[in-house]
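Worksheet for the structure shown next.
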Amino acid sequence: MQQRGVQAGRADRPALPARLHRQVLGALRRPGHPEEHRALAEDFCDFMAGNTGRFIKRLEKEMREAAGEQEYERAARLRDDVQALQRALEKQAVVLGEGTDADVIALAEDPLEAAVQVFYVRGGRIRGQRGWVVDKVEETSPGELVEQFLLQMYAEAGPDSMPREVLVPALPPDHEAVAELLTEQRRARVEVRIPQRGDKRSLMETVERNAKESLAQHKIRRAGDLTTRSKALQEIADALALDQAPLRIECYDVSHLQGENVVASMVVFEDGLARKSEYRRFAVKTNEGDVASIHEVIMRRFRRYLEERSATGELAADDDDGHGPIDPETGKPRKFAYPPNLVVVDGAGPQAAAAQRALDELGIDEVSVCGLAKRLEEVWLPGDDQPVIMPRSSEGLYLLQRVRDEAHRFAITYHRSKRSKTVKESALDGVPGLGPARRQALLKHFGSVKKLREATAAEICEVPGIGPSIAEVIVSTLKGESP
């Protein structure tokens, strides 16, 4: 596990009030006054330890005294100090029991990286937060990641900075040994456990959300770096022995549920960035598995590419209309007119071979193909018995993974919408006398079949075009009764 960088700084203590800050600076400038220095040091220690009640009361008393003596400017400064202190303390509201001392740790990960977030709770208050993004140099479980992090985090920690509890999302493989090691470090008992319920579980969920957001922001920053993207594209070219960097990458993924509602997605990345306007989706016709589906989709996409080239005259020099891949009527790019440098399919050797076979059948030889398998993030070339192993920390593998994950997300979204539509339509298909227009009106009015099932005949009659008799039939049919 290699630490990539701190994502969030630590804010262990509330901000120092302006008055105390001014007094400290003034005392440091003046020689002598040991009693004043001691009083200021005690104030400072009390404040930093969280014992702020006495400090606020004293400020308020001085503010009232200044107002009573008509020293309004001094009273206003004291009022501002009180308000600043109260705002700082609001950020450290009590989230757990006042005696709770715990470090709450959460992870968000993908196959290549993990974001770690830590909230420091002392006296029931959140005293600080830290975050890192680390490279996963090898395949590790969440528990193994937690163990590595704990050993790194507390390796040089002093007894005073160690908590009584360490709350984690997953227990290390040998959590008892880890707890004993931390206990020895603290010189008092340290518990390592997973919070199951209550306020501690709620706080863990908050830390988990922070970790997910941290990882997402890290990916956005990393993807937006031009130098990093250029390096990633060159690493892909070198690993796959391409003639040039793949400036346009298309990735395909198939999604279905037990062979039903099979769909596929096509996402496009240009210069390492997503081009969402170029995304396409396919309702797959074949029902013979992922390999056959990939073959069908690649055939359909590149047959359209050949048709677009023929329409623009690129396949016949004497019939060139001079517009290339731009539609002369709309002024917009034709849907499938641009070929990619690299086709990536979600899968291993068989899926990559199916995509290559489709291109060969169409006579297209200028497009390279590879597959990216999820389990070990292996890159497969068509016809090869062994995968291409790219370093897990390489920018090239990171880009391929991001392209594949985006294709998977787009395919899943389409599949869910298609499946939802199928469920809605099939539920109303059995209603006698209910045509497409009335079905659509019903779904628009109620929003879902579930709400329609819960409606009474009188409520269904409120839909335009639905009379009492057909409403009774709808209620009976959706309840499984004979109309």
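When reading the values below, keep in mind they use all heavy atoms of this one structure, side chains included, and skip hydrogens, waters and symmetry mates. Sequence positions, counted from 1, serve as the residue numbers for this chain.
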* Separation of R130 CZ from Q117 CD (nearest 0.5 Å) -> 11.0 Å

Counting only pairs under 3.5 Å, give me each side-chain donor-acceptor contact of residues 237-247, with atom names and distances, residues two or more places apart or in other chains.
unit_1 : atom_1 : unit_2 : atom_2 : d
D238   : OD1    : Q234   : NE2    : 3.0

* Do S214 and V133 touch side chain to side chain, with heavy atoms closer than 4.5 Å? -> yes

* Minimum heavy-atom separation for F302 to V343, with atom names? -> CZ-CG2, 3.8 Å

* Structure fact -> The complete set of salt bridge (charged side-chain N to carboxylate O under 4.0 Å, His left out) pairs with one or both residues in residues 159-179, sequence neighbours excluded, reads D101-R164, E165-R193, E165-K200

* Criterion side chain to side chain contact (heavy atoms under 4.5 Å, CB included) on I126 and L203, from CA distance to verdict -> CA-CA 10 Å; I126 298 174; L203 183 57; 4.1 Å; yes

* Any donor-acceptor N/O pair, S368 side chain to L342 backbone, under 3.5 Å -> no

* Could you walk me through whether V263 and R281 pass the side chain to side chain contact (heavy atoms under 4.5 Å, CB included) check? -> CA-CA 7 Å; V263 300; R281 58 191 191 181; over 6 Å; no

* Asked: Is there side-chain contact between C370 and V344, with heavy atoms separated by less than 4.5 Å?
  -> yes

* Please name the pair of heavy atoms, one in R229 and one in D271, separated by the smallest distance, quoted to 0.1 Å. => NE-O, 2.7 Å

* Asked: Measuring from S265:OG to R280:CZ, what's the distance to the nearest 0.5 Å?
  -> 12.5 Å

* Kindly give the heavy-atom pair with the smallest separation between L107 and L145, and that separation in Å. => CD1-CB, 4.0 Å

* Is any NZ, NE, NH1 or NH2 atom of the basic residue among R201 and E205 found under 4.0 Å from an Asp or Glu carboxylate oxygen of the other? -> yes

* **More than 12 heavy atoms of other groups within 6.0 Å of R187 CZ** => no

* Just wondering, more than 12 heavy atoms not from Q386 lying within 6.0 Å of its CD? -> no

* Is any NZ, NE, NH1 or NH2 atom of the basic residue among E250 and R248 found under 4.0 Å from an Asp or Glu carboxylate oxygen of the other? -> yes

* Is there a side-chain contact between P387 and V379, using heavy atoms and a 4.5 Å cut-off? -> no

Pair up each side-chain donor or acceptor in residues 352-360 with any protein partner under 3.5 Å, not counting sequence neighbours, and list the distances.
unit_1 : atom_1 : unit_2 : atom_2 : d
Q356   : NE2    : D360   : OD1    : 3.0

* **Close side-chain approach of M390 to L400, heavy-atom, < 4.5 Å** => yes

* Any side-chain heavy atom of V254 sitting closer than 4.5 Å to one from D346? -> no

* Asked: How many angstroms lie between atom CG of L59 and atom CZ of R79, to the nearest 0.5 angstrom?
  -> 13.5 Å

* What distance separates L167 CG from T100 OG1, expressed to the nearest 0.5 Å? -> 9.0 Å

* Asked: Do Y154 and P163 come close enough that some side-chain heavy atom pair is under 4.5 Å?
  -> yes

* With a 4.5 Å limit on heavy-atom distance, are the side chains of L399 and T228 in contact? -> no

* Asked: Where the side chain of R402 meets the backbone of A274, is there a donor-acceptor pair that is under 3.5 Å apart?
  -> no

* Asked: Mind checking whether V297 and M266 have side chains closer than 4.5 Å, heavy atoms only?
  -> no

* Structure fact -> Shortest non-hydrogen pair, W380 vs D385, comes out as CZ3-O, 3.5 Å

* Asked: Does a donor on one side chain and an acceptor on the other come within less than 3.5 Å for E144 and Q148?
  -> no

* **side chain to side chain contact (heavy atoms under 4.5 Å, CB included) between F149 and V118, worked out** => CA-CA 11 Å; F149 174 70; V118 188; 3.5 Å; yes

* Enter the distance from L150:CG to H175:NE2 here, rounded to the nearest 0.5 Å. => 12.0 Å

* Could K231 and E395 be called an ion pair, given the rule that one side-chain N must be under 4.0 Å from one carboxylate O? -> no

* Identify the two heavy atoms, one from Q129 and one from N210, that lie closest to each other, and give their separation to 0.1 Å. => NE2-ND2, 3.7 Å

* Distance-only donor-acceptor check, side chains E113 and Y398, under 3.5 Å -> no

* Structure fact -> Scanning both residues in full, the closest heavy-atom pair of A170 with G143 reads CB-N, 3.9 Å

* Structure fact -> Taken to the nearest 0.5 Å, the spacing of E406 CD from D253 CG works out to 11.0 Å

* So R58 and E62, side chain to side chain contact (heavy atoms under 4.5 Å, CB included) or not? Walk me through it. -> CA-CA 6 Å; R58 196 174 73 194; E62 292 180 13; 3.9 Å; yes

* To do: Could you check R300 against E296 for salt bridge (Lys or Arg N to Asp or Glu O under 4.0 Å), going step by step and ending with a plain yes or no?
  => CA-CA 6 Å; R300 287 167 59 183; E296 176 194 324; 2.8 Å; yes

